[in-house]
Amino acid sequence: SAVISQKPSRDICQRGTSLTIQCQVDSQVTMMFWYRQQPGQSLTLIATANQGSEATYESGFVIDKFPISRPNLTFSTLTVSNMSPEDSSIYLCSAQGDSYNEQFFGPGTRLTVL
Amino acid sequence: TQLLEQSPQFLSIQEGENLTVYCNSSSVFSSLQWYRQEPGEGPVLLVTVVTGGEVKKLKRLTFQFGDARKDSSLHITAAQPGDTGLYLCAGVTGTYKYIFGTGTRLKVLA
């Protein structure tokens, strides 16, 4: 299994600013994912981040708004740019294990935009 | 767009009762997973089912994958307060994407 940490765990930000969320895995993984979740609701995939290539974004999410970095096999960042109150959500990163049937999640970052 | 609908959306039961959560889709998945999530934490994988018709048991939890690999169910026997949480199914596509279900919030009262 993989242990995943995220920083910050929560933040309150002003409209128009940007926040970068960090995701650290305790082992090397090929695929990492970023999700958004409204409290108590389902997860929506934002993008897939593979080391050495650009992130692949899902419909409705664009690189200018959610730039992602994946500098090595244990680390990734997601930036939420030019934030608005609609961006208030929980942002989760995950990593795929040795099997594509394994996925491990970080604890999430709770973002509130005022 | 691939969707996974879960039912019920909310469930509040007494300790000791049995319950079943359903996860339905019109799409076929390579495999299907069930997660449980508690407040302030990320989802934790409970089980993965791969073969159509497959049944897996995890203590008091029984998971079944539909024959056509489009749907799944989670049955909990003699629910306990520790089972409280958000249950999410997730279908794995052929391109290794995870499509999450709409979620079922379970509360087990002591």
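Proteins get letters first, then strands, A, B, ... in listed order; numbering begins at 1 in each.
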Enquirer: Assigning hydrophobic clusters by single linkage (Ile, Leu, Val, Met, Phe, Trp, Tyr; side-chain heavy-atom cutoff under 4.5 Å), is B:Trp34 placed with B:Val44?
Expert: no
Enquirer: So what's closer than 4.5 Å to chain A heavy atoms on B:Thr102: side chain, backbone, both or neither?
Expert: backbone
Enquirer: State plainly whether one hydrophobic cluster holds both A:Ile4 and A:Val29, where clusters connect Ile, Leu, Val, Met, Phe, Trp and Tyr through side-chain heavy atoms under 4.5 angstrom apart.
Expert: yes
Enquirer: Same cluster for B:Leu88 and A:Tyr35 if Ile/Leu/Val/Met/Phe/Trp/Tyr side chains link at under 4.5 Å?
Expert: yes
Enquirer: Do the two ring centres, one from A:Phe105 and one from B:Tyr35, sit under 6.0 Å apart?
Expert: yes
Enquirer: With B:Phe100 as reference, evaluate A:Thr44, A:Leu45, A:Leu43 under the side-chain contact (heavy atoms from CB on, under 4.5 Å) test and give the passing residue.
Expert: A:Leu43
Enquirer: Select, from A:Ser94, A:Gly108, A:Ser42, the one with the greatest count of heavy-atom pairs under 4.5 Å involving chain B.
Expert: A:Ser42
Enquirer: Within the supplied structure, the quantity of interest is the number of heavy atoms (other residues, nucleotides, ligands) at a distance under 6.0 Å from B:Glu38 CD; does it exceed 12?
Expert: yes
Enquirer: Over all heavy atoms of both residues, which pair between B:Leu45 and A:Gln103 is shortest? Give the atoms and the distance, please.
Expert: CB-O, 4.4 Å
Enquirer: Looking at B:Leu86 and A:Gln41, what are the two nearest heavy atoms and their distance?
Expert: CD2-O, 3.7 Å
Enquirer: Applying the 4.5 Å side-chain criterion to the ILVMFWY set and letting contacts propagate, would A:Leu73 and A:Phe75 be lumped into a single cluster?
Expert: no
Enquirer: Tell me, for B:Gln37 versus chain A, whether the close heavy atoms (under 4.5 Å) come from the side chain, the backbone, both or neither.
Expert: side chain
Enquirer: Applying a strict under-4.5 Å side-chain criterion to I, L, V, M, F, W and Y, I'd like to know whether B:Leu3 and A:Phe61 cluster together.
Expert: no
Enquirer: Side chain, backbone, both or neither: which part of A:Gln6 has a heavy atom under 4.5 Å from chain B?
Expert: neither
Enquirer: Write down the atom of A:Glu102, the atom of B:Gln33, and the distance for their closest heavy-atom approach.
Expert: N-NE2, 4.0 Å
Enquirer: Counting only heavy atoms closer than 4.5 Å, note whether A:Phe104 contacts chain B via side chain, backbone, both or neither.
Expert: neither
Enquirer: More than 12 foreign heavy atoms under 6.0 Å from CZ of B:Arg60: is that the case here?
Expert: yes
